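In what follows, a structure is listed as structure tokens, so that the remarks can point back to it.
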Number of protein chains: 2
Amino acid sequence: MAANILLVEDEPAIQELIAANLGRAGHHVVRAGDAETAQRIVRDALPDLVLLDWMLPGMSGIELARRLRADERTRGIPIIMLTARGEEQDKVAGLEMGADDYITKPFSPRELVARIKAVLRRRAPQATEDPVQLGGLSLDPATHRVNAGERPVVLGPTEFRLLHFLMTHPERVHSRAQLLDQVWGDHVFVEERTVDVHVRRLRAALEPVGQDGLIQTVRGSGYRLSALPAVAGV
Amino acid sequence: MAANILLVEDEPAIQELIAANLGRAGHHVVRAGDAETAQRIVRDALPDLVLLDWMLPGMSGIELARRLRADERTRGIPIIMLTARGEEQDKVAGLEMGADDYITKPFSPRELVARIKAVLRRRAPQATEDPVQLGGLSLDPATHRVNAGERPVVLGPTEFRLLHFLMTHPERVHSRAQLLDQVWGDHVFVEERTVDVHVRRLRAALEPVGQDGLIQTVRGSGYRLSALPAVAGV
DNA sequence: CAGGAAATTGACGATTTTGTGACAGGTCAC
DNA sequence: GTGACCTGTCACAAAATCGTCAATTTCCTG
């Protein structure tokens with residue numbers, strides 16, 4: 001399982017050590033010495049995973065993580081943070097901020113590789129970038145547009161991702177927790193009812209273009225997108 | 001988000017400490033002092049999550065994790081392992097064994113709770129969600145739909161679960177007590193007569209699609225779902 | 001065929017779940 | 001700055017479902 005990994009670490013010795021080990025494990029490593037550089041690289045290269053030292057000169061690792069999570073395009077990239085012993089406060093903050101895992105220095109190469117493997121493995125299979133068409137709706141991730149026939153549908157970022165996920169996994173019922181995992185990310189701590197609100201906003205956006213009834217409520221379970229009617233009439 | 005958590009830890013003081021903290025966070029905690037006991041409890045109670053100390057007398061935590069992963073029924077239960085600093089070998093083995101996360105002692109209550117929340121959230125959807133087909137009926141847990149031929153059947157959540165159970169255990173008579181255990185859960189306290197009412201509602205939903213007679217009453221014993229006619233002799 | 005236990009049925013208040021509108025922060029482009 | 005979005009949470013309204021009861025009906029026993 002080779003992966004493109006961005007290593008953000010200001011201390012050259014440690015940087016070298018880690019890079020060498022990851023290289024030996026078959027990963028391709030790109031390095032950055034500060035958060036600003038790292039941010040640029042992430043945007044340009046979209047690595048599979050970011051190894052992020054929490055203590056950095058200038059912009060902190062926490063701040064960088066926050067920014068990566070805030071950006072639509074980089075939100076899905078797993079982050080493993082590197083912390084020094086005793087920075088426990090940061091661990092909690094980091095996990096809540098959206099880090100997928102953390103490792104306390106000093107750590108062994110084997111451990112690091114195992115962690116990376118675990119994080120990569122459990123990352124949800126990414127939705128494709130291919131346009132999706134279903135019922136009277138068409139959605140194109142590349143252009144970020146949704147159309148109902150000829151008429152365009154305007155959606156906020158979250159609603160777009162929600163609809164995208166539902167359209168790529170139609171018919172199946174998704175619990176609110178699953179939707180939070182898949183659409184918001186498994187590291188975000190948000191109330192389950194928030195899903196309801198976004199479903200409502202999505203419905204509100206779809207209704208004027210004649211696509212109401214597409215998103216169905218399955219009481220006690222969650223929501224489902226289906227071209228079939230929820231119940232047969234009469 | 002309350003959960004049933006099995007805590008496997010041999011040291012009473014730590015056990016007590018953790019249990020107290022989890023209880024305060026709203027979780028229900030069951031404790032085990034060794035792996036053998038833990039294994040039995042998991043099979044009986046199917047907890048939502050297992051907190052597993054890696055170092056145990058007798059069967060090791062690793063071995064227990066392996067067994068839980070090997071068993072179909074317990075495979076999906078998330079495991080968070082507790083390790084002492086320096087048991088680095090175990091960490092690697094544990095992650096490769098399928099532990100969902102691990103925490104290094106000593107850890108803060110906040111961290112533990114945050115981890116548990118994260119793991120519970122990303123728990124994969126149930127694996128045994130295969131569609132069931134029987135007689136003229138088909139039921140699909142994934143889409144939460146029931147069809148009699150082409151015609152859909154509308155059911156409430158409880159009726160759906162009841163039908164699902166009956167369809168996966170057909171031709172067998174289930175007492176009201178058994179149905180309460182299996183469909184409602186063995187912890188709820190409801191009148192046995194309630195089963196009758198739901199059976200009636202289920203029958204009422206099935207009758208208009210020509211599936212009456214599917215659920216049969218066995219006087220004095222309970223109910224049975226059968227594709228065969230209720231009585232042979234006229 | 002009568003007596004009585006067991007099961008069906010219709011009704012209903014209570015509870016749980018979902019839909020909605022409003023709102024306080026936060027972000028981003030000007 | 002500032003003004004137009006977005007977002008996540010509430011509180012409350014609306015709706016669906018649940019469990020129970022009591023009245024009836026069904027079915028076995030003797």
Side-chain angles (χ1 to χ4, degrees), chain A residues 39 43 63 66-75 96-98 144 146 153-163 173-177 179-180 183-185 187-207 212-224 230-231, chain B residues 1-2 121 144 146 153-163 173-177 179-180 183-185 187-208 212-224 230-231 233-234:
Chain A
Q39 186 172 21
R43 285 177 174 276
E63 174 60 16
R66 200 188 58 71
R67 295 196 186 187
L68 294 184
R69 289 302 186 223
D71 186 332
E72 176 77 19
R73 297 188 313 137
T74 60
R75 178 168 299 156
E96 284 174 349
M97 185 60 63
H144 218 269
V146 179
V153 182
V154 283
L155 299 176
T158 304
E159 289 141 38
F160 183 86
R161 287 199 311 279
L162 177 58
L163 179 59
V173 176
H174 308 282
S175 71
R176 291 169 177 76
L179 289 174
L180 283 179
V183 178
W184 276 254
H187 33 62
V188 181
F189 294 82
V190 176
E191 293 294 322
E192 290 203 342
R193 292 295 258 106
T194 298
V195 175
D196 294 9
V197 177
H198 279 273
V199 165
R200 175 183 159 276
R201 288 169 179 162
L202 192 47
R203 281 171 169 163
L206 294 179
E207 184 266 321
D212 49 314
L214 204 63
I215 301 177
Q216 301 158 5
T217 303
V218 180
R219 188 160 246 261
S221 298
Y223 294 98
R224 165 182 61 201
V231 295
Chain B
M1 185 201 297
R121 231 334 185 35
H144 218 272
V146 179
V153 181
V154 282
L155 301 175
T158 305
E159 289 143 37
F160 185 88
R161 288 199 310 275
L162 176 58
L163 179 59
V173 179
H174 307 282
S175 72
R176 290 171 177 75
L179 288 174
L180 282 178
V183 179
W184 275 255
H187 51 288
V188 288
F189 174 74
V190 284
E191 295 293 324
E192 290 204 340
R193 281 269 156 262
T194 299
V195 176
D196 294 27
V197 177
H198 279 274
V199 165
R200 174 186 157 272
R201 287 170 180 160
L202 194 45
R203 282 171 169 163
L206 294 179
E207 183 268 321
D212 47 315
L214 205 63
I215 302 177
Q216 300 157 4
T217 304
V218 180
R219 183 163 250 258
S221 299
Y223 295 97
R224 166 183 58 199
V231 290
V234 175

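Only a predicted model underlies this, so the values are computations on that prediction, with no experimental measurement involved. Lettering follows sequence order; numbering is per chain, from 1.
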Quiz item: Taking all non-hydrogen atoms of both residues, which atom of A:Ile215 and which atom of A:Arg203 are closest, and how far apart?
Solution: O-NH2, 3.0 Å

Quiz prompt | Nearest-angstrom distance from the residue atom CZ of A:Arg161 to C1' of D:dG8 | solution = 13 Å

Quiz prompt | Whole-Å gap separating P (D:dC6) and NE2 (A:His198) | solution = 11 Å

Self-check item: B:Pro157 side chain, from C-beta outward: closest of D:dG19, D:dC18, D:dT9
Solution: D:dC18

Quiz item: B:Asp212 has an atom CG; how far is it from atom P of C:dT8, in whole Å?
Solution: 14 Å

Quiz item: In whole Å, what is the span from the CZ atom of A:Phe160 to the P atom of D:dT7?
Solution: 13 Å

Quiz item: Does A:Val183 offer a backbone N or O that forms a donor-acceptor pair with the side chain of A:Arg161 under 3.5 Å?
Solution: yes

Quiz item: Could you state the CG-P distance from A:Leu162 to D:dT7, rounded to the nearest angstrom?
Solution: 11 Å

Quiz prompt | Heavy-atom pair of closest approach, residues A:Val173 and A:Ser221 | solution = CG1-CB, 3.9 Å

Exercise. Could you label the plane-to-plane angle of the B:Phe160 and B:His144 rings as parallel, tilted or perpendicular, counting under 30° as parallel and over 60° as perpendicular?
Key: parallel

Quiz item: Taking all non-hydrogen atoms of both residues, which atom of B:Val195 and which atom of B:Arg176 are closest, and how far apart?
Solution: CG2-O, 3.9 Å

Self-check item: Protein-nucleotide distance (B:Glu191, atom CD; C:dA14, atom P), rounded to Å
Solution: 18 Å

Exercise. Rounded to the nearest angstrom, tell me the gap between atom CG in B:Leu202 and atom C1' in D:dT17.
Key: 15 Å

Quiz item: Ignoring hydrogens and geometry, is there a side-chain-to-backbone donor-acceptor pair from A:Arg224 to A:Val218 under 3.5 Å?
Solution: no

Exercise. Would you give a per-nucleotide map of nucleotides 17-30 of chain C, 5' to 3', where B means the base has a protein non-hydrogen atom under 4.0 Å away, S means only the sugar-phosphate does, and - means neither?
Key: BBBBSB----S---

Quiz prompt | Phosphate contact (D:dG19 OP1 or OP2) by B:Trp184 side-chain N/O below 4.0 Å | solution = yes

Quiz item: Does A:Thr158 put a side-chain nitrogen or oxygen below 4.0 Å from OP1 or OP2 of D:dT7?
Solution: yes

